[in-house]
Amino acid sequence: GLGPGPGDQQTPQVRAALASATDLIGYTTYLARVTTRPGQQVHASDNRVESQRAEFALDLARRGRRVVVVSSGDPGVFAMAAAVAEVAAEEQYADVPVRVLPGVTAASAVAAAFGAPLGHDLALISLSDRLKPWDVIARRITAAVDADLVLAIYNPGSVSRNHQVADLKSLLLDRVAPDRVLLLGRDVGGPTELLTVTTVGEFDPTVVDMRTLIIVGSSLTTVVQRPGGRLVFTPRHYGR
């Protein structure tokens, strides 16, 4: 896991693995964040070929190469670790060791930029319906909101997927008050970082893209005005 963006948020463990690898495999955009050393082979691919990428990585490793498959954020959260594990579970790869190195996931990075909105129970949900139907996503959002969990929403929308964020707002307004806290973190830690504190009622779905993570607060999520800016938190106690 390369972390959410800035190099200083990569773990030393990940940096060591990148330095010692013979082959680096991943989505083109993520590989562009890696500084290679002489002799390393870089294998870039489209973001929609996860299984093929995993097979290619495992085949290289079986031939004795030291292979690193990179993901943005944490590889185990809507990323490549599950894809590699699924293929590695096949009998033909039984002799290939697989190790997952964690990274700072987007929810943690965005939450920290605002304060502590993930301070209590939460759900992580991807809005991408490329690998699961929209009715499953909607059912999970509804269940999480009804359980009064904080929601961290990954993969909210793209050029080819543009209805999901508006549908999310409609689902939320059916179940929570319009003043429920909603946070938008775009390119957190990057040169175009944008942090927005708003509410479900005031939320504009058209400003969201794939570089944005949405956090929907619980009924207890609080915004405090401070001299240095706003501080958002969800208390660790629960009571109404």
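Note that the numbering runs from 1 along the sequence shown for the chain.
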(message) Any non-hydrogen side-chain atom of H43 less than 4.5 Å from a side-chain atom of R53?
(response) no
(request) Answer yes or no: is there a side-chain heavy-atom contact under 4.5 Å between T221 and V150? (result) yes
(message) Between D95 and R62, does any side-chain N to carboxylate O distance fall below 4.0 Å?
(response)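 Result for this pair is no, no salt bridge flagged.
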Under 6.0 Å from the [atom1] atom of [X], do we count more than 12 heavy atoms belonging to anything else shown?
X    : atom1 : value
E193 : CD    : yes
R140 : CZ    : no
R99  : CZ    : no
Q52  : CD    : yes

(request) Would you confirm whether R186, through its side chain, and V208, through its main-chain N or O, come within 3.5 Å as a donor-acceptor pair? (result)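 Checked: no pair found.
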(message) Using a 3.5 Å distance criterion without hydrogens, assess whether the side chain of T199 forms a donor-acceptor pair with backbone atoms of E202.
(response)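 A pair under 3.5 Å: yes.
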(request) Show your working on side-chain contact (heavy atoms from CB on, under 4.5 Å) between K132 and I137 and close with a plain yes or no. (result) CA-CA 8 Å; K132 62 181 183 289; I137 299 171; 3.3 Å; yes
(request) With sequence neighbours excluded, tell me which residues meet side-chain hydrogen bond (donor to acceptor under 3.5 Å, both in side chains) with S128. (result)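 S128 satisfies side-chain hydrogen bond (donor to acceptor under 3.5 Å, both in side chains) with no other residue.
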(request) Under the side-chain hydrogen bond (donor to acceptor under 3.5 Å, both in side chains) rule, collect the residues that match up with S108, sequence neighbours excluded. (result) none
(message) Is it the case that the side chains of D23 and Q40 hold a donor-acceptor pair, with the cut-off being a distance below 3.5 Å and no angle test?
(response)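 No, no side-chain donor-acceptor pair sits under 3.5 Å.
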(request) List the atom of F203, the atom of T198, and the distance in Å for their closest heavy-atom pair. (result) N-OG1, 3.9 Å
(request) Evaluate the side-chain hydrogen bond (donor to acceptor under 3.5 Å, both in side chains) criterion for residues Y27 and S72: first the C-alpha distance (whole Å), next the side-chain angles of each, then the deciding distance (0.1 Å), finally the verdict. (result) CA-CA 9 Å; Y27 176 39; S72 179; over 6 Å; no
